[in-house]
Amino acid sequence: MRPVRIARPKGTRDFEPEEMRARRWLEEFLRERFQSYGYEEVLTPTFEHARLFEEKSGEEILEEMYVFEDKKGRRLALRPEMTAPVVRMYNDSLKTRPHPLKLCYFVNCFRYEQPQRGRWREFWQAGVEVIGSSEPEADVEVIELTHGIFDDLLPSDAFETRVGHLGILRGLLEEHGIGEEKQNKVAHLVDKGELDEVREVLPEDAAERVLQIVTAESVDEVEEAISGAEPAEEALENLLTISDQLKEAGVDHELDFSVARGLDYYTGMVFEIHVPELGGGSQCAGGGRYDTLVRDLGGPDVPAVGMAIGFDRLLMALKVYDRIPEDAFEETRALLIPLVKSGKVWEVARELRELGWVVDVEVSGKNIRKALSMADAKGYDYAVIIGERELEGGYISVKNLETGDQEEVPLDEIERAAEV
RNA sequence: GCCGCGGCAGCUCAGCCUGGUUAGAGCGCCGGCCUGUGGAGCCGGUGGUCCCGGGUUCAAAUCCCGGCCGCGGCCCCA
């Protein structure tokens with residue numbers, strides 16, 4: 001057969017061993033953090049029925065979705081995000097558990113976009129969802145949890161937390177008799193900063209009030225813009241309650257009435273965390289309240305709030321700020337060099353591994369010089385030599401590759417190998 | 001989807017503007033000096049569909065067109 005070389009698909013990445021170490025380290029950090037708050041990990045299929053996302057995800061996401069037909073003609077999609085699948089799973093099998101339910105996940109997602117810095121077609125999200133509480137405390141916890149992760153991993157001036165509330169906009173538009181679909185459209189325009197367009201879409205009085213909110217520099221201005229529109233006033237109050245609690249909890253943040261977010265299912269508080277140093281793709285986390293999604297996907301009328309961290313972007317930020325620990329996986333690593341063919345080699349390897357060592361057995365027949373050279377190149381801590389002499393004498397030769405010291409360690413005191 | 005820059009050895013790149021022997025360098029890898037002792041040094045070797053396709057030409061890594069991929073930006077998002 002003629003050899004062919006197939007390239008990696010556009011927007012995807014290979015991860016080499018060094019990169020995987022850093023990724024595993026961060027993944028474990030996030031998992032442990034989520035679990036320490038009582039969130040339990042779930043996993044859903046990589047693909048779902050396309051309709052799951054088409055119902056409530058919003059136009060932009062749909063245009064970027066990987067949709068395909070399977071052999072039976074079912075329309076499926078690679079998940080572009082994780083909230084809808086978690087809600088689907090909740091409606092399928094979790095809704096009878098004690099509420100509120102706290103769930104977390106770590107998964108790859110797919111979007112057909114033009115790749116650039118911080119943006120890939122396959123990327124990873126780590127997130128949480130709280131299903132079954134409409135109280136501001138739930139919003140506060142989700143923001144506090146997210147903020148705390150960034151605060152522990154990055155310098156405090158490296159990131160910004162912005163909190164807004166879609167209920168203000170939605171509530172106001174509702175007062176003007178404007179339906180959900182148009183609300184979504186306005187939210188998108190606001191998100192894009194296309195404020196002139198807002199005027200074209202809305203009646204003049206509504207448009208004026210929306211623009212006043214979005215460009216507001218103080219809470220007072222917003223209050224003025226929405227006065228008389230009761231749902232919007234309640235939303236603002238809700239946002240201020242959340243903000244006050246965040247302040248008391250020491251969570252540094254700013255209010256931003258233009259945070260709209262591109263997902264149509266958000267109904268209340270919305271927030272984003274940015275790392276400005278990353279440039280274009282600076283948004284590293286985002287989330288908010290979605291009180292109607294569970295019902296809209298055929299489940300009970302249950303409120304929910306959640307967030308997702310852009311895993312790859314967070315890792316990028318950690319690299320920029322040099323915050324990836326070198327010794328994240330501290331372990332003793334040894335090359336076992338057999339100079340004879342003997343089953344004893346495997347026995348010794350096993351015993352050393354029981355001590356917690358990583359033991360790489362040299363299996364390519366290298367002579368001792370070559371083997372030591374390779375152990376050095378791989379950065380190992382020890383070389384363990386087993387030859388004729390060792391077999392006859394009942395010991396192993398353990399060489400510390402950093403100091404160059406070498407000692408004979410009797411087989412029945414093998415734990416002394418670590419002292420060399 | 002749009003704009004800009006790029007693609008040559010495993011890696012980083014020179015050569016391209018001004019077409020012309022056998023396409024180079026450094027690093028890496030393999031081996032020797034060195035038959036049971038690494039890192040340094042010296043010597044040698046290994047290395048390439050010059051991204052793909054088409055065009056111009058006596059002749060293309062080099063010029064032109066298209067595509068693919070990468071990087072950066074816009075938009076949006078994570």
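Since the structure is predicted, the reported quantities are computational estimates derived from the model, not experimental observations. Proteins come first, then strands; the chains are lettered A, B, ... in the order of their sequence lines, and each starts at number 1.
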(request) Would you indicate which nucleotide in B:G38, B:G36, B:C2 comes nearest to any side-chain atom of A:Gln114? (result) B:C2

(request) Could you measure between the two C1' atoms, the one in B:U56 and the one in B:G10, and give it in whole Å? (result) 35 Å

(request) Sticking with atom C1', work out how far B:C64 lies from B:G45, rounded to a whole angstrom. (result) 41 Å

(message) With a 3.5 Å limit on both atom pairs, tell me what B:G48 is paired to, counting Watson-Crick and G-U wobble, or say none.
(response) none

(message) Quick check: A:Phe150 with A:His274 (ring centres under 6.0 Å apart)?
(response) no

(request) Take atom OH of A:Tyr66 and atom P of B:C77, then tell me their distance rounded to the nearest Å. (result) 19 Å

(request) To the nearest Å, give me how far apart CE (A:Met82) and P (B:C77) are. (result) 21 Å

(message) When both hydrogen-bonding distances must be under 3.5 Å and the geometry is Watson-Crick or G-U wobble, what is B:U18 paired with, if anything?
(response) none

(message) Between A:Asp360 and A:Tyr380, do the side chains contain a donor N or O and an acceptor N or O under 3.5 Å apart?
(response) yes

(message) Under 4.0 Å, counting only non-hydrogen atoms across every strand here, what does A:Glu16 touch: a base, just sugar-phosphate, or nothing?
(response) nothing

(message) So that I know where these two stand, are A:Phe106 and A:Phe311 an aromatic pair - ring centroids less than 6.0 Å apart?
(response) yes

(message) Using ring pair (Phe, Tyr, Trp, His ring centres under 6.0 Å), reason through A:Phe271 and A:His147 one step at a time and then give a plain yes or no.
(response) CA-CA 10 Å; A:Phe271 78 103; A:His147 179 275; 9.9 Å; no

(message) With a 3.5 Å limit on both atom pairs, tell me what B:C75 is paired to, counting Watson-Crick and G-U wobble, or say none.
(response) none

(message) Base, sugar-phosphate or nothing for A:Gly11? Non-hydrogen atoms, less than 4.0 Å.
(response) sugar-phosphate

(message) Without decimals, in angstroms, what is the distance between A:Arg13 CZ and B:G70 P?
(response) 11 Å

(request) Determine whether any donor atom in the side chain of A:Arg111 lies under 3.5 Å from an acceptor atom in the base of B:C76, or the reverse, and answer yes or no. (result) no

(request) Please state the C1' separation for the pair B:C51 and B:A61 - nearest whole angstrom. (result) 12 Å

(request) Report yes if a donor N or O on one partner sits less than 3.5 Å from an acceptor N or O on the other, where the partners are the side chain of A:Arg119 and the base of B:C76; otherwise report no. (result) yes

(message) Less than 4.0 angstrom from a charged side-chain N to a carboxylate O is my criterion; do A:Lys102 and A:Glu141 meet it?
(response) yes

(request) Could you check whether A:Ile309 gets within reach of a base, just the sugar-phosphate, or nothing at all, counting any heavy atom under 4.0 Å? (result) nothing

(request) Provide the Watson-Crick or G-U wobble partner of B:G70, both distances under 3.5 Å; none if there is no partner. (result) B:C5

(message) Is A:Gln283 close enough to B:A78 that one of its side-chain N or O atoms is under 4.0 Å from OP1 or OP2 there?
(response) yes

(message) Can you tell me which residue among A:Arg31, A:Glu32, A:Arg33 is in a side chain to side chain contact (heavy atoms under 4.5 Å, CB included) with A:Phe29?
(response) A:Arg33

(message) Once you apply a heavy-atom cut-off of 4.0 Å, does A:Arg117 come out as touching a base, just sugar-phosphate, or nothing?
(response) sugar-phosphate

(message) Looking only at the side chains, is there a donor atom on one of A:Gln35 and A:Glu40 sitting less than 3.5 Å from an acceptor on the other?
(response) no

(request) Spell out yes or no: do the side chain of A:Glu64 and the base of B:C77 have one donor N/O and one acceptor N/O closer than 3.5 Å? (result) no

(request) Tell me the partner of B:U62, counting only Watson-Crick (N1-N3 plus N6-O4 or O6-N4) or G-U wobble (N1-O2 and O6-N3) with both under 3.5 Å; none if nothing fits. (result) none

(request) To the nearest Å, give me how far apart CG (A:Leu336) and P (B:U37) are. (result) 18 Å

(request) Please confirm whether A:Arg13 makes a cation-pi placement over A:Trp120, using NZ or CZ under 6.0 Å from the six-membered ring centre and within 45° of the ring normal. (result) yes

(request) Would you mind pulling out the nucleotide paired to B:A25, Watson-Crick or G-U wobble, both distances under 3.5 Å? (result) B:U12

(message) Would the base of B:C33 count as contacting A:Arg369 through its side chain, where contact means a donor and an acceptor less than 3.5 Å apart?
(response) no

(message) Can you say whether a donor on the side chain of A:Glu113 sits under 3.5 Å from an acceptor on the base of B:A78, or the other way round?
(response) yes

(message) Can you tell me if A:Phe311 is stacked onto the base of B:A78, using a 5.5 Å centroid cut-off and an angle below 30°?
(response) no

(message) Please compare A:His274 and A:Pro9 by the position of their nearest nucleotide in RNA chain B and report the one closer to 5'.
(response) A:Pro9

(message) From CG of A:Asp376 over to P of B:G39, roughly how many Å is that when rounded to an integer?
(response) 7 Å

(message) Rounding to an integer number of angstrom, what distance separates B:A25 and B:C50 when you compare their C1' atoms?
(response) 15 Å

(request) Quickly work out the A:Ile368 CD1 to B:G38 P distance and round it to whole Å. (result) 8 Å

(message) I'd like the C1' distance from B:C63 over to B:U57, given in whole Å.
(response) 10 Å

(message) Check the phosphate of B:C69 against A:Lys10, side-chain N and O only, distance under 4.0 Å to OP1 or OP2. Yes or no?
(response) yes

(request) Check every strand shown and say whether A:Gly404 touches a base, only sugar-phosphate, or nothing at a heavy-atom separation below 4.0 Å. (result) base

(message) Can you tell me which residue among A:Arg121, A:Lys10, A:Arg119 is in a salt bridge (charged side-chain N to carboxylate O under 4.0 Å, His left out) with A:Glu113?
(response) A:Arg119

(request) Remember a base hit wins even if backbone is also touched, and classify A:Trp124 as base, sugar-phosphate or nothing at under 4.0 Å, heavy atoms. (result) nothing

(message) Under 3.5 Å for both donor-acceptor distances, Watson-Crick or wobble: does B:C42 have a partner, and if so which one?
(response) B:G32

(request) For B:C77 and B:A14, measure between their C1' atoms and round to the nearest Å. (result) 40 Å

(request) Measure distances between side-chain N and O atoms of A:Glu402 and base N and O atoms of B:G38, and say whether any donor-acceptor pair falls under 3.5 Å. (result) no

(request) Can you tell me, in whole Å, how much space there is between the C1' of B:G6 and that of B:G47? (result) 24 Å

(request) Please state the P separation for the pair B:G70 and B:G28 - nearest whole angstrom. (result) 29 Å

(message) Taking the nucleotide of RNA chain B with the nearest heavy atom to each, does A:Leu372 or A:Gln116 sit closer to the 5' end?
(response) A:Leu372

(request) Measure the distance from CZ on A:Phe110 to P on B:C77 and round it to the nearest whole Å. (result) 21 Å

(message) If I take atom CZ in residue A:Phe53 and atom P in nucleotide B:C77, what distance separates them, rounded to the nearest angstrom?
(response) 17 Å

(request) Tell me whether the OP1 or OP2 atom of B:G32 has a side-chain N or O from A:Lys370 closer than 4.0 Å. (result) yes

(request) Go through B:G36, B:C69, B:C71 for me and flag the one nearest to the A:Pro115 side chain. (result) B:C71

